[in-house]
Amino acid sequence: MCGIVGYTGNRQAYPIVIKGLKRLEYRGYDSAGVAIYDNRNIKIYKKEGKVADLEESIGTQNVQGTSCIGHTRWATHGEPSDRNAHPHLSASGKIAMIHNGIIENYAQLKRELLNKGYIFKSETDTEVLLNFIEEIKTNNNCSLEEALRIALKRVTGAYVILLIANDEPDTIIAARKGSPLVIGVGKNEHFLGSDASPMLEYTKEVVYVNDYELAIVKPDELVLKNLGNEKLTPYVQKLDMELSAIEKGGFDHFMLKEIFEQPQTIFDCMRGRLDVKAGTITMAGIQQYAEQIISANRIVIIACGTSWHAGLVAEYIIEELCRINVEVEYASEYRYRNPVINKDDIILAISQSGETADTLVAIENAKEKGAIILGVVNVVGSSIARASHAGAYTHAGPEIGVASTKAFTAQLVVLTMMALKIGYMKGTISNERYQKLLKELEVIPEKAAWIMNHTDGIKKIAEKYKQARDFLYLGRGYNFAVALEGALKLKEISYIHAEGYPAAEMKHGPIALVDENLPVTFVATKDAYHEKIVSNMQEIKARKGMVIAVITEGDDTCAELSDDIMIVPEADEIVAPMLTVIPLQLLSYYIGVAKGCDVDKPRNLAKSVTVE
Ligand code: AGP
């Protein structure tokens, strides 16, 4: 899940591409590089590390040229290093290429080329594909575009490829399968990116490139073709996003900004959908398939990571309100498990980026078997959104911090509104309960804002426990998935080993871990499970465990049982996860910062996992 950027036009390309790479750095930061045509030759500049390290290595060199491609890497084939950094240059030195994805049959192609005497400078699959393309170009004496089309018919895997060549200086040739590619249309200039953020400050006119499409991009021309060499009409869409959305806005980190945005993003997610006065929820995408959902035997939720945790909360809510059986599946397992999928099964795919490869392929498999795919996605125009029959956007705005925060709470809002709508239409929820939950939803933004105004205590707790070696997170019912999410956030941001567990499961093993050195974080707000969770807290205290607890305002019982507390306003158990997760997001953030971790770009991670 690398970041790719390209520019061809009449401006100096280097500063535009470097700025674009910085905007995409959340996609991977193992190395960075650019290839630019300086009116004589292609020049390559690349360096292990972040984009800033690349800039430093270039220093005051005068990098000239009006067409350029750039890459920020998340290493798959070959460790992070200068030689494995992109762009790669072909054996002749006349073609440069960057790539996001994985070429699965690269070893076989490499053997063929080695037998032909090719020598490779890197360990990457990308350099293999590049030389394979050049081999075809030379042998067939054809254009680079033609050679690429022929080569791609022999390639298996996922890719976005950008190429520039000496003999076509202002032309960028691109191809896509499985990884995202957006082209920005300007006046006598074009921009290319893994998403729209590198081009947002220059144009709002974009084209989303589909799988098996090639783009031949010149300053004043954009040609789209399929692998059959047929021309396609580019579908230009207008971006509904402001530059401020992808800036830090005075916060130290995108993660903190995105945590503090939640009162607004939760409100934005309900706006135009939730009408408490009218007692209605309007979700056109869900309405379209309401009959199929209502009569469904089961709903299969497919997702990864934090989105999977949102799916787990949704399982509890949908079964409770809609009385429909729900199964929550890890996309990476589901896509290979050969699961039983019946025609008209409802598949709910949850994804912030809308580009997660495992989720995308899992839903494409299910679609082939006749299932109905509904997407809950944040990134507008993303692959999962386009692969779904219908669905709902979470409207959380761009999420730049690698650790997902505001997208999670927005996913919970969409899934809760969906369950309420279907439950009410199906008659499996009383009108009184329905109206009460609409009111509960409506006041979540102000309750989230209350938490944002009470974070000092959380900073102190983070300082106290920042040296901990391990953490345990426990919850029951709706808060079980929140405990899992809290543990994931801490792992991602602070590199502290943390596990989430159903609190009652402790007695079946994990309680053996408890001693005076283990912080145990409870999500223990007032709900149907409260008495049970109080006894679980007593079990931990009995073994000298250190108890940190997210509790409901005024809950003295849990406060007395805890060494440290994080308070949230009272809320119905069904909507409580939208609040209880916020102190856990902040705890992981403040511990990460206290430990000097790069909280926006945690090691070994990337924002959207576009390779399996
Ligand atoms: C969460 O903080 C992580 N970034 C990761 O687990 C993420 O949730 C997962 O990769 C799924 O991403 P998606 O929602 O974009 O599909």
Side-chain angles (χ1 to χ4, degrees), residues 1 3 25-29 74 178-180 194-195 253-256 258-259 262 301-314 328-335 347-364 373 375-388 391-394 396-412 414-415 473 481-482 484-495 498 500 581-582 584-589 592 597-612:
M1 32 284 158
E25 208 164 18
Y26 65 82
R27 300 177 59 85
Y29 24 87
W74 192 88
S179 300
S194 298
D195 65 31
H253 299 98
F254 282 109
M255 184 182 180
L256 190 63
E258 288 153 8
I259 292 173
Q262 290 178 106
I301 296 178
I302 298 179
C304 302
T306 288
S307 296
W308 188 87
H309 293 149
L312 202 55
V313 176
V328 185
E329 301 282 355
Y330 282 115
S332 52
E333 287 299 313
Y334 195 75
R335 65 175 288 185
I347 304 282
L348 198 47
I350 307 173
S351 176
Q352 186 289 124
S353 62
E355 301 294 350
T356 300
D358 286 324
T359 306
L360 185 56
V361 176
I363 61 173
E364 279 159 353
I373 313 297
V376 173
V377 176
N378 193 46
V379 176
V380 175
S382 58
S383 307
I384 291 173
R386 287 182 283 134
S388 302
Y393 283 121
T394 47
E399 189 174 68
I400 311 265
V402 167
S404 186
T405 53
K406 62 177 182 174
F408 178 69
T409 47
Q411 287 164 349
L412 296 182
V414 163
L415 294 160
Y473 285 74
V482 175
L484 291 175
E485 177 57 12
L488 176 61
K489 289 282 102 55
L490 191 69
K491 281 182 267 204
E492 287 186 275
I493 295 301
S494 72
Y495 318 144
V581 73
I582 298 174
L584 302 182
Q585 295 168 343
L586 287 163
L587 182 65
S588 66
Y589 171 78
C597 301
D598 185 338
V599 293
D600 277 345
K601 296 189 209 94
R603 70 186 185 200
N604 305 339
L605 287 179
K607 184 65 185 169
S608 67
V609 184
T610 53
V611 291
E612 64 169 295

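Order of appearance sets the numbers: ligands from 1, and atoms from 1 within every ligand.
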Checklist line | Ligand-residue contact atoms, ligand 1 with A403, heavy atoms, under 4.0 Å | finding: 2 (O)
Next item on the list: Output the distance between atom CG (L415) and atom CD1 (I350), rounded to the nearest 0.5 Å.
Entry: 4.5 Å
Notebook entry, point to check: Should V402 be counted as touching ligand 1, given the test is an N or O pair under 3.5 Å?
Noted result: yes
Margin query: Once you measure the plane-to-plane angle for W308 and Y330, does it fall in the parallel (<30°), tilted (30-60°) or perpendicular (>60°) bin?
Written below: parallel
Check: For ligand 1, which atoms, with element, lie under 4.0 Å from some heavy atom of S404?
Finding: 1 (C), 2 (O)
Next item on the list: Starting from atom 6 (O) of ligand 1, find the nearest protein heavy-atom neighbour and note its residue, name and distance.
Entry: G305 CA, 3.3 Å
Item checked: For atom 10 (O) of ligand 1, the protein heavy atom that lies nearest, with its residue and separation -> V609 CG2, 3.8 Å
Notebook entry, point to check: Out of curiosity, S608 OG to L360 CG, how far, rounded to the nearest 0.5 Å?
Noted result: 11.0 Å
Notebook entry, point to check: Which bit of S608 gets closer than 4.0 Å to ligand 1, counting heavy atoms only: side chain, backbone, both or neither?
Noted result: neither
Checklist line | Nearest-neighbour protein heavy atom for atom 12 (O) of ligand 1, which is reported as residue plus atom name and distance | finding: T356 OG1, 3.4 Å
Check: Going by the atom numbers of ligand 1, which of them fall below 4.0 Å from some non-hydrogen atom of K489?
Finding: 1 (C), 2 (O)
Notebook entry, point to check: Under 4.0 Å from any heavy atom of Q352, which atoms of ligand 1 are there?
Noted result: 13 (P), 14 (O), 15 (O), 16 (O)
Margin query: Are the side chains of I400 and D600 in contact, using a 4.5 Å heavy-atom criterion?
Written below: no
Check: Is the backbone N or O of G354 less than 3.5 Å from a side-chain atom of N378, with the two atoms forming a donor-acceptor pair by type?
Finding: no
Next item on the list: Let me see the working for Q262 and T409 under side chain to side chain donor-acceptor pair (under 3.5 Å), right down to the final yes or no.
Entry: CA-CA 7 Å; Q262 290 178 106; T409 47; 2.8 Å; yes
Notebook entry, point to check: Quick one: nearest non-hydrogen protein atom to atom 9 (C) of ligand 1, plus distance?
Noted result: C304 O, 3.8 Å
Item checked: For S307, atoms of ligand 1 separated by under 4.0 Å from a heavy atom -> 8 (O), 13 (P), 14 (O)
Item checked: Residue, atom name and distance, where the atom is the protein heavy atom closest to atom 3 (C) of ligand 1 -> E492 OE2, 3.2 Å
Next item on the list: Test S404 against every option in Q411, E485, E399, K489 by the side-chain hydrogen bond (donor to acceptor under 3.5 Å, both in side chains) rule and name the one that passes.
Entry: E399
Next item on the list: Among all protein heavy atoms, pick out the one at the shortest distance from atom 8 (O) of ligand 1; state its residue, atom name and that distance to 0.1 Å.
Entry: T306 N, 3.0 Å
Check: So do the side chains of D598 and Y29 get within less than 4.5 Å of each other, counting heavy atoms only?
Finding: no
Check: Just which atoms of ligand 1 are under 4.0 Å from any heavy atom in S353?
Finding: 13 (P), 15 (O), 16 (O)
Notebook entry, point to check: Does a donor on one side chain and an acceptor on the other come within less than 3.5 Å for S383 and E355?
Noted result: yes
